[in-house]
Amino acid sequence: MKNRVYIASDHAGFELKEEILKVNKDLLLDLGTKNKDRVDYPDFALTLVENIKKDVESKGILICGTGNGMAIAANRHKNIRAGLVFNAEITKLIRQHNDANVLVLPGRFIDVQEALKCVDIFLSTNFEAGRHKKRVDMISER
Ligand code: RB5
């Protein structure tokens, strides 16, 4: 079975979330928000993190206006490594070096085409392990 990929956003990330869902609808599990009404990003970060904790091989995509609120909220949780990215190159590195299991996108500061590239790269790039494994382990051990 394919590993699950959850996606969630607040109102500021809603439009980008819908664009990402259009091209990845069979792959992604949408945890909301469901429209542009104002909501609180910590609620959506928590829902996504709780799903990943129950399903440790899964990954997540979070979107808010700057990406920072979602990243801050998600990274409070043990074994969640959420990487905020602005382009494809950084996306590759958060997988190769940081083994990020959550991709965070800044909905108000990235165009749809770049964001779609980031999603593809996030889902298809492996962790390099090697010298990076020790560092990632140091995070979860503390
Ligand atoms: C919502 O206006 C905005 O504050 C939120 O989407 C996000 O950017 C927070 O970090």
Side-chain angles (χ1 to χ4, degrees), residues 1-133 135-141:
M1 192 184 77
K2 252 192 180 158
N3 293 336
R4 267 180 272 265
V5 183
Y6 299 97
I7 186 166
S9 76
D10 70 355
H11 53 288
F14 174 74
E15 284 183 359
L16 179 58
K17 174 170 70 66
E18 296 305 297
E19 294 294 330
I20 292 170
L21 280 166
K22 268 188 216 163
V23 274
N24 297 282
K25 59 176 179 303
D26 297 332
L27 181 68
L28 300 176
L29 285 150
D30 184 11
L31 301 175
T33 186
K34 298 290 183 194
N35 56 50
K36 286 201 258 180
D37 294 351
R38 196 165 294 165
V39 290
D40 299 317
Y41 64 82
D43 287 337
F44 290 87
L46 182 61
T47 300
L48 184 129
V49 161
E50 282 173 344
N51 276 278
I52 293 182
K53 282 182 172 174
K54 282 189 235 147
D55 185 4
V56 290
E57 295 299 315
S58 65
K59 290 192 173 73
I61 300 169
L62 286 170
I63 313 167
C64 64
T66 65
N68 274 294
M70 287 293 199
I72 292 166
N75 278 321
R76 293 183 63 246
H77 297 265
K78 196 170 169 66
N79 297 327
I80 295 294
R81 295 174 300 280
L84 171 58
V85 307
F86 292 82
N87 59 45
E89 288 90 336
I90 300 174
T91 305
K92 195 168 194 176
L93 289 167
I94 66 160
R95 285 292 308 133
Q96 290 179 329
H97 290 192
N98 311 118
D99 197 17
N101 51 7
V102 178
L103 173 73
V104 187
L105 294 165
R108 288 179 173 151
F109 297 90
I110 190 168
D111 66 58
V112 173
Q113 289 314 313
E114 192 70 31
L116 290 173
K117 267 194 244 167
C118 293
V119 170
D120 278 353
I121 290 170
F122 175 67
L123 297 177
S124 60
T125 304
N126 291 324
F127 180 42
E128 278 179 358
R131 70 183 191 280
H132 304 295
K133 183 170 184 325
R135 296 165 184 161
V136 169
D137 287 345
M138 285 168 74
I139 300 170
S140 44
E141 283 158 10

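- When all heavy atoms are compared, the tightest approach of C64 to N68 is SG-N, 4.0 Å.
- Crowding of K78 atom NZ: a count of heavy atoms from other residues, nucleotides or ligands under 6.0 Å exceeding 12.
- Closest non-hydrogen pair, A45 versus A74, comes out as CB-N, 4.4 Å.
- A donor-acceptor contact shorter than 3.5 Å is absent between the side chain of D55 and the backbone of N51.
- Nearest heavy atom pair, residue F86 against residue I90, reads N-CD1, 4.3 Å.
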Report the C-alpha separation of L29 and V5 in whole Å, then their side-chain angles, then the decisive distance to 0.1 Å, and conclude whether the side chain to side chain contact (heavy atoms under 4.5 Å, CB included) test is met. CA-CA 6 Å; L29 285 150; V5 183; over 6 Å; no

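- Residues I20 and I63 form a side-chain contact, since some pair of their non-hydrogen atoms from C-beta on lies under 4.5 Å apart.
- Between V85 and C118, the shortest heavy-atom distance links the atoms CG2-SG, 4.1 Å.
- Distance alone, capped at 3.5 Å, places no donor-acceptor pair between the T125 side chain and the F122 backbone.
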Carefully, step by step, assess K22 and E19 under the rule salt bridge (Lys or Arg N to Asp or Glu O under 4.0 Å). CA-CA 5 Å; K22 268 188 216 163; E19 294 294 330; 3.2 Å; yes

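- If you take OH on Y6 and NZ on K59, they are separated by 13.0 Å, rounding to the nearest 0.5 Å.
- Taking CD1 of I61 as the start and CG of N24 as the end, the distance is 7.0 Å to the nearest 0.5 Å.
- Note that the CD atom of E50 and the CD1 atom of I80 stand 10.5 Å from one another [nearest 0.5 Å].
- The nearest pair of heavy atoms linking M70 to D10 is CE-N, 3.7 Å.
- Note: I52 CD1 to S58 OG = 4.5 Å, rounded to the nearest 0.5 Å.
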Decide side chain to side chain contact (heavy atoms under 4.5 Å, CB included) for V119 and L28; before the verdict, give the C-alpha distance in whole Å, the side-chain angles of both, and the deciding distance to 0.1 Å. CA-CA 11 Å; V119 170; L28 300 176; 5.5 Å; no

What donor-acceptor contacts under 3.5 angstrom involve side-chain atoms of residues 96-117, with partners at least two apart or in another chain?
residue, atom, partner, partner atom, Å
H97, NE2, H132, NE2, 3.4
D99, OD1, R95, NH1, 3.0
D99, OD2, R81, NH2, 3.3
N101, OD1, R81, N, 2.8
N101, ND2, N79, O, 2.9
D111, OD1, Q113, N, 3.2
D111, OD1, E114, N, 2.9
E114, OE2, A88, N, 2.9

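- With sequence neighbours excluded, the residues that form a side-chain hydrogen bond (donor to acceptor under 3.5 Å, both in side chains) with K53 are H77.
- The shortest non-hydrogen separation linking T91 to N87 is OG1-O, 2.8 Å.
- For the atom pair CG (L27) and CG (L123), the distance works out to 6.0 Å, reported to the nearest 0.5 Å.
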For a quick test of your reading: what N or O donor-acceptor pairs under 3.5 Å do the side chains of residues 31-42 make, sequence neighbours left out?
residue, atom, partner, partner atom, Å
K34, NZ, D30, OD2, 3.4
N35, OD1, D37, N, 2.9
K36, NZ, E15, OE2, 2.5

